[in-house]
Amino acid sequence: FENPFILSNSVLSGPTTGGTLVTFSTSTISDSDMGAFVCVFGNITVSAIATTHSIQCRSPQSNSNEAIHVNLFIQRIDGSLVFQSASFNYYITPVITKIDPEYMSELGASEIFFTTVEPVSVHTSISCRYGTGTDMLTSYGRYVSQYMFACDVPAYRPGVVAIYVSFNGIDYNEVTEHSFEYIPHATVSFIIPKVVSTGGNDDIILHGTALTAAGHATCIIDGMIIHDTKIINSTSVLCVAPPRVAGVVSVDVSVNGRDV
């Protein structure tokens, strides 16, 4: 027999709970060799499935409660070595305690920040998925700090959506402790008055659509968040203009106190 060459691999990390599908692309494997291989994670042997150009196996549950690195081998059933890869990295899936914000405009284009109990490894490959089934969208994530990571938010139709998080790009876990909602995009149609004093403290009323779809609203004037914003009705909000030098400034409404 002739051992296949390993050309590439799909992923070399997974949760300590196991179950990560690791795929090795290979040179041609003959039909007679299809059932000849096993994978060894550290000292744990698992079955492998071979096709003409690949070998697949699922990581077993780690025998450690901590994040560890183990050697990953591909062997023949008779014990002869086929391939030894780089380390397979077991990580502890962080428990998410907070997401911020919990709702966002249907236009997306910002980030959700996730706070965790367990440390987030700077070496993990973070990604998020939004929605379910054929409507599911995937976005890239990034490491923020030891106990925080963030994911981009794509545009999506209004409504509460499921969020799934992965730390290796393959295994996704639903964030069940916290809900996330897309809401209709707020638009400002006109402002009364259009001119206020540079000293500030003048009331401004903004009129538009979906201004209070999240149950509250925040004015943002010239990039400054105006915390003293009052809802008049579903299409009108009142805010107090801050002191500014003379000139034209932007006026927007945020549905989550951060994004416009």
Side-chain angles (χ1 to χ4, degrees), residues 9-22 41-42 44 58-70 72 86-133 135-156 158-183 214-216 218 225 227 254-260:
N9 56 268
S10 60
V11 65
L12 287 175
S13 64
T16 53
T17 52
T20 299
L21 182 63
V22 181
F41 291 76
I44 304 175
R58 290 193 180 274
S59 62
Q61 182 174 342
S62 172
N63 50 20
S64 172
N65 293 325
E66 300 179 352
I68 60 171
H69 310 301
V70 299
L72 172 56
S87 296
F88 183 86
N89 304 317
Y90 277 106
Y91 59 79
I92 298 172
T93 303
V95 174
I96 295 169
T97 59
K98 179 183 178 181
I99 64 173
D100 180 38
E102 295 182 340
Y103 39 84
M104 191 172 290
S105 163
E106 61 187 309
L107 301 184
S110 186
E111 287 183 308
I112 301 179
F113 291 85
F114 300 81
T115 303
T116 67
V117 175
E118 293 79 12
V120 178
S121 172
V122 68
H123 302 295
T124 54
S125 177
I126 301 169
S127 57
C128 291
R129 286 178 175 170
Y130 302 82
T132 56
D135 293 332
M136 184 176 288
L137 299 176
T138 302
S139 71
Y140 292 108
R142 65 183 178 91
Y143 174 91
V144 177
S145 65
Q146 187 176 16
Y147 296 98
M148 181 177 290
F149 66 93
C151 276
D152 296 333
V153 181
Y156 203 82
V160 176
V161 299
I163 299 179
Y164 302 83
V165 175
S166 174
F167 297 94
N168 64 359
I170 290 181
D171 301 301
Y172 284 85
N173 294 306
E174 185 177 0
V175 181
T176 56
E177 300 85 356
H178 308 276
S179 62
F180 181 77
E181 182 176 4
Y182 282 95
I183 58 179
H216 57 83
T218 303
I225 295 174
H227 296 288
S254 172
V255 296
N256 59 19
R258 191 180 69 191
D259 306 301
V260 296

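Values below: all heavy atoms of this structure, side chains included; hydrogens, waters and symmetry mates excluded.
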F88 ring center within less than 6.0 Å of F41 ring center: yes
Under the side-chain hydrogen bond (donor to acceptor under 3.5 Å, both in side chains) test, residues paired with T138 that sit two or more places apart: R129
pair S139-V153: side-chain heavy atoms closer than 4.5 Å: no
Flag side-chain contact, heavy atom, 4.5 Å: I183 against P158: no
Gap separating the OG atom of S59 from the CG atom of L72, nearest 0.5 angstrom: 9.5 Å
Where P154 and Y182 come nearest, the two heavy atoms and their spacing: O-OH, 2.7 Å
Polar side-chain atom of H69 near backbone of Y90 as donor-acceptor pair, under 3.5 Å: no
Output field: ring centroids Y147/F149 closer than 6.0 Å: no
Within-4.5 Å side-chain heavy-atom neighbours: I44 and N63: yes
Shortest non-hydrogen contact between V161 and G131, atoms and distance: CB-N, 4.1 Å
Side-chain heavy atoms of V120 within contact of I126, under 4.5 Å: yes
Flag side-chain contact, heavy atom, 4.5 Å: S125 against F167: no
Pairs where residues 158-173 contributes a residue and the test side chain to side chain donor-acceptor pair (under 3.5 Å) is met, not counting sequence neighbours: T20-D171, S127-Y172, S166-N168, N168-D171
Where C151 and G141 come nearest, the two heavy atoms and their spacing: SG-CA, 3.8 Å
Side chain Y143, main chain Q146, donor-acceptor under 3.5 Å: yes
N/O donor to acceptor pairs below 3.5 angstrom from side-chain atoms of residues 110-117, sequence neighbours left out:
{"residue": "S110", "atom": "OG", "partner": "D259", "partner atom": "OD1", "Å": "2.8"}
{"residue": "E111", "atom": "OE1", "partner": "R142", "partner atom": "NH2", "Å": "3.1"}
{"residue": "E111", "atom": "OE2", "partner": "R142", "partner atom": "NE", "Å": "2.7"}
{"residue": "T116", "atom": "OG1", "partner": "E118", "partner atom": "O", "Å": "2.7"}

